[in-house]
Amino acid sequence: MLRVKYFWEDIGDKIAIFVLRVLSRFREDPNACDHEWEVYSTALNQGWLELTCHKCMSNGAVEDPTKEEWEKAFDASSSPYRWYENERVTLGQRIKI
């Protein structure tokens with residue numbers, strides 16, 4: 001029975017990767033993107049907010065969050081939220097699929 005579970009998990013992973021690769025063809029160019037940022041985590045060691053753009057799949061960071069922004073972002077891994085101050089985001093790497 002345990003082998004069946006691993007089989008289905010493996011198939012599920014392969015399907016998810018396939019879907020992400022197909023969808024990635026429709027991503028926007030990060031240099032031309034009108035980013036729609038979402039805060040999804042904090043970088044504890046660096047002290048910044050971690051963001052992702054769902055239009056072009058780029059990563060970004062807010063390197064100088066206020067105390068209030070930092071506290072709000074601490075729950076972002078379980079409850080991501082939209083970030084509207086694009087001028088404060090430092091563009092990072094594009095997510096590779």
Minimum heavy-atom distance between [X] and [Y], given as atom pair plus value:
| X | Y | result |
| --- | --- | --- |
| Trp37 | Ser58 | CZ3-O, 3.5 Å |
| Asn86 | His35 | ND2-O, 3.2 Å |
| Val62 | Arg88 | CG1-NH2, 3.6 Å |
| Leu49 | Glu69 | CD2-O, 4.1 Å |
| Pro65 | Trp70 | CG-CE3, 4.1 Å |
| Ala76 | Tyr81 | CB-CE2, 4.1 Å |

* Asked: Are Met57 and Tyr40 connected in a single hydrophobic cluster, I mean Ile/Leu/Val/Met/Phe/Trp/Tyr linked by side-chain heavy atoms less than 4.5 Å apart?
  -> no
* Distance (rounded to the nearest 0.5 Å) between Ser41 OG and Trp48 CH2 -> 12.0 Å
* OG1 on Thr90 to CD on Glu63, rounded to 0.5 Å -> 3.5 Å
* Any side-chain heavy-atom pair from Asn59 and Glu50 closer than 4.5 angstrom? -> no
* Asked: With a 4.5 Å limit on heavy-atom distance, are the side chains of Glu36 and Arg82 in contact?
  -> yes
* Look at the side chain of Lys55 and the backbone N and O of Asp34, then say whether any donor-acceptor pair between them is shorter than 3.5 Å. => yes
